[in-house]
Amino acid sequence: TDDAVTDDAVTDDAATDPGTPDEPARQEEAGHPAHLWAVVMVFDIAVDLPTPHARLTLREVAEPHRMLAIPIGLPEGTALAHAWRGVPTPRPLTHELFSEVLTRLGATIEVVRLTGRRAGIVLAEMELSSPRGREVVPCRPTDGVTLSVRQGVPAPILVDLRLFESEGDVDPEG
């Protein structure tokens, strides 16, 4: 149930060039307009009782350090918290297993993008690199973030800047 709510405000970015932190990164795809992206990091995972869900808070890496809070399911929040905090488990959790499978197959997550919002649900995708080439795979934001955090070197997490500016729908196509 990855729903999105926006909090404070910030921008930094690096979708196509992580070396330009003072300007939003632009990513153009054939037939799609350029998008502006902010590089974010996991800031907090919390459960505020009596709400029936956890909350993932992402924070822009560069100024103005906006925050994006996304309500998530409790199991997803638990899995992400284990990965983010490096909590060992007696047996591999699902994301840990999937991360290990990706590694053994020679695949890496290059970037996780939060691309839009429909009816309160945040949309995301992962860009994977493997011996077969690059692939973009739709995913839930929590799955993408959890798998990114589980990698030896976490993949950048990018947020479409429009998600910070609006609480309504944000069309991932432009």
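Source: prediction; values computed, not measured.
The side-chain heavy atoms of Trp37 and Leu161, taken from C-beta on, include no pair separated by under 4.5 Å. At a threshold of 4.5 Å between non-hydrogen side-chain atoms, the residues Glu76 and Thr146 do not count as touching. For the pair Val137/Leu128, a side-chain contact is recorded, criterion being any heavy-atom separation below 4.5 Å from C-beta on. With contacts defined as side-chain heavy-atom distances shorter than 4.5 Å, the pair Val61/Val40 does not qualify. Leu114 has its side chain within reach of Leu58: a pair of non-hydrogen atoms, C-beta onward, lies under 4.5 Å apart. No side-chain heavy atom of Ile72 sits less than 4.5 Å from a side-chain heavy atom of Arg55.
Taking all atoms of both residues into account, the shortest heavy-atom contact from Pro156 to Glu110 is CD-O, 3.1 Å. Closest heavy-atom contact between Ser148 and Ile157: OG-CG1, 4.2 Å. Across all their heavy atoms, Val47 and Ala54 have their closest contact at CG2-CB, 3.9 Å. Minimum interatomic distance between Asp160 and Thr115 (heavy atoms only, all atoms of both residues): OD2-O, 3.7 Å. Here the closest non-hydrogen pair linking Trp84 and Phe43 is CH2-O, 3.4 Å.
Residue pairs meeting the salt bridge (charged side-chain N to carboxylate O under 4.0 Å, His left out) criterion with at least one partner in residues 92-101, sequence neighbours excluded, are Glu100-Arg104.
Looking at residues two or more places apart in sequence or on another chain, you find no side chain to side chain donor-acceptor pair (under 3.5 Å) involving Gln151.
To the nearest 0.5 Å, atoms CZ (Arg150) and CD1 (Ile109) are separated by 11.5 Å. With rounding to the nearest 0.5 Å, the separation of OG1 in Thr94 from CG in Leu147 is 10.0 Å. To the nearest 0.5 angstrom, Asp169 atom CG is 11.0 Å from Arg162 atom CZ. Note that CE of Met41 is 11.0 Å distant from OG1 of Thr57, once rounded to the nearest 0.5 Å.
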field: Trace of the side-chain contact (heavy atoms from CB on, under 4.5 Å) decision for Leu80 with Leu56
entry: CA-CA 9 Å; Leu80 178 54; Leu56 164 62; 3.6 Å; yes
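In this structure, the side chain of Arg132 does not engage the main chain of Ala107 through any donor-acceptor pair within 3.5 Å. Looking only at distances, no side-chain donor or acceptor of Ser99 sits under 3.5 Å from a matching main-chain atom of His95.
Evaluated for a side-chain contact (heavy atoms from CB on, under 4.5 Å) with Leu123, the options Arg117, Arg113, Arg118 yield exactly one hit, Arg118.
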